2 protein chains.
Amino acid sequence: MRKHVLLYGLIAGVLIVVLQLIEYRWLVIEHSVEIYGGLVAAVFASLGIWLGLKLTRRTETIVVREVMVPAPANFVRDDSKVESLGITPRELEILQLIAEGLSNKEIAGRVFVSENTVKTHSSRVFDKLGARRRTQAVQRGKELRLIP
Amino acid sequence: MRKHVLLYGLIAGVLIVVLQLIEYRWLVIEHSVEIYGGLVAAVFASLGIWLGLKLTRRTETIVVREVMVPAPANFVRDDSKVESLGITPRELEILQLIAEGLSNKEIAGRVFVSENTVKTHSSRVFDKLGARRRTQAVQRGKELRLIP
DNA sequence: CAGCGCGTCACCCGAACGTATGATTTTTGG
DNA sequence: CCAAAAATCATACGTTCGGGTGACGCGCTG
């Protein structure tokens, strides 16, 4: 933008000099002032148009980008909710396994703890989620983006 | 656009006339031609710039639309799987309610049938899905796109 | 070190769940 | 119209869950 203005000024200066030089030859002709004025007008007008065009030249093509993203692909846990609810990692782990349809006994076998422990964790997480049943806990967990 | 050109022409003509009239007063002054030329140049240059700006304005339609489409929005049940598994509409309905975390009693109240009926439906749908627990049934149901 | 959070485990009990079996009614399709 | 499919309900039994309570060990932190 700035270099355009400079270029314009330079060209204008050169043109004025050229026109002044030319003027001495044409001034002898009577009533040539109108011709001179017209010439100047035409030159500067076209120069102005060119400048105006250059200044606002936005060769920006119309970009219409539509991105279809299958959301389930990218799951990110809402850690802020996990923390605000005071859910511990172990509890979250058990919740995930519950969501996978495992029984307490199966979960116990999976994580190598007793079934009682699983029940304790699940009870705690149910309480924190305000759920009374495991299905409800799963539903809330998915809603709150704690589990995929 | 066209009216701009016409307007420009009109103003240019008027200006030329005005300048010609003024010229007769100023021409008497020696070396006033340069002033005259500069004036003409300035006026027409700014006019040209204005025109150029006008011509290219609002050609800059920058449309960058990014649409994130979360897949879960458009859930379509895989009816073929529903049929192939021999799941009846009522059973599917109960499965959905189970997925919402409702107990058998709550479901019974919701669909106006006895709890025993709900248990019958759920038992059947569990069998058809190869599930032993309701959480498992929900998981399978979601996997198979029977429920959202 | 005392306290706290977390994870672990146990026991009990009532509620919820799942299975099996049988029966009746309603709906549907040929 | 009649048979098949679907929906309804019940009773009984065993299993799984969930709540309540209490306890122990570990690691961190004031």
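Model, not experiment: these values are computed from the prediction. Residue numbers begin at 1 in each chain, while the letters A, B, ... track the order of the sequences.
- In this structure, of C/dT8, C/dG18, C/dC11, it is C/dT8 that holds the atom nearest to the side chain of A/Thr120.
- Whole-Å rounding puts the A/Leu97 CG to D/dT16 P distance at 17 Å.
- Minimum atom distance to the side chain of B/Thr117 is reached by D/dC9, of the listed C/dA16, D/dG18, D/dC9.
- Nearer the 5' end of DNA chain D, as judged by each residue's closest nucleotide, is the contact made by B/Val111, out of A/Glu115 and B/Val111.
- As rounded to whole Å, 16 Å separates atom C1' of C/dT19 from atom CG of B/Leu129.
- Counting heavy atoms from C-beta on, the side chains of B/Arg90 and B/Val113 come closer than 4.5 Å.
- Residue contacts for B/Ser123: at a heavy-atom cut-off of 4.0 Å it reaches a base atom on one of the strands shown.
- Nucleotides of DNA chain D nearest to B/Thr135 and B/Phe112 differ in position, and the one nearer the 5' end is that of B/Phe112.
- Side-chain proximity of A/Asn116 to the nucleotides D/dA10, C/dC11, C/dT8 is greatest for C/dC11.
- Exactly one residue among B/Arg134, B/Lys119, B/Glu115 makes a side-chain hydrogen bond (donor to acceptor under 3.5 Å, both in side chains) with B/Asn104. That residue is B/Arg134.
- If you check the side chains of B/Thr117 and B/Ser114, you find a donor sitting under 3.5 Å from an acceptor.
- Straight-line distance from the CG atom of B/Leu92 to the C1' atom of D/dA5: 17 Å, rounded to whole Å.
- Rounded to an integer number of Å, the gap from CD1 of A/Ile94 to P of C/dT8 is 7 Å.
- Contact annotation: A/Arg132 side-chain N/O to D/dG18 OP1/OP2 distance is not under 4.0 Å.
- For B/Arg132, the CZ atom is loosely surrounded, since the number of other residues' heavy atoms within 6.0 Å does not exceed 12.
- Spacing between atom CD of B/Glu91 and atom P of D/dT8 amounts to 10 Å, rounded to whole angstrom units.
- Across the protein-nucleic acid pair, A/Arg133 atom CZ and D/dG19 atom C1' stand 14 Å apart, rounded to whole Å.
- Between A/Ser114 and the phosphate of C/dA10, there is a side-chain N or O to OP1/OP2 separation shorter than 4.0 Å.
- For A/Arg134, the listed nucleotide lying nearest its side chain is D/dC17; candidates were C/dG7, D/dC17, C/dA16.
- Of the candidates C/dT19, D/dT8, C/dC17, C/dC17 carries the atom nearest the B/Asn104 side chain, counting heavy atoms from C-beta on.
- Counting non-hydrogen atoms under 4.0 angstrom, A/Ser122 reaches nothing in the nucleic acid.
- Counting non-hydrogen atoms of neighbouring residues, nucleotides and ligands closer than 6.0 angstrom, the NZ atom of A/Lys105 reaches no more than 12 such neighbours.
- Within 4.0 Å (heavy atoms only), A/Lys119 reaches at least one base atom of the nucleic acid.
- Taking every side-chain heavy atom of A/Arg90 into account, C/dT8 is the closest of D/dA7, C/dC17, C/dT8.
- Protein atom CD1 of A/Ile87 is 16 Å distant from nucleotide atom C1' of C/dG7, rounded to whole Å.
- Taken together through direct or relayed side-chain contacts under 4.5 Å among Ile, Leu, Val, Met, Phe, Trp and Tyr, A/Val125 and A/Val118 form part of one hydrophobic cluster.
- In the set D/dA7, C/dC11, C/dT19, D/dA7 carries the atom at the smallest distance from any side-chain atom of B/Arg124.
- Distance CD1 (B/Ile98) to P (C/dA16): 15 Å, rounded to an integer number of Å.
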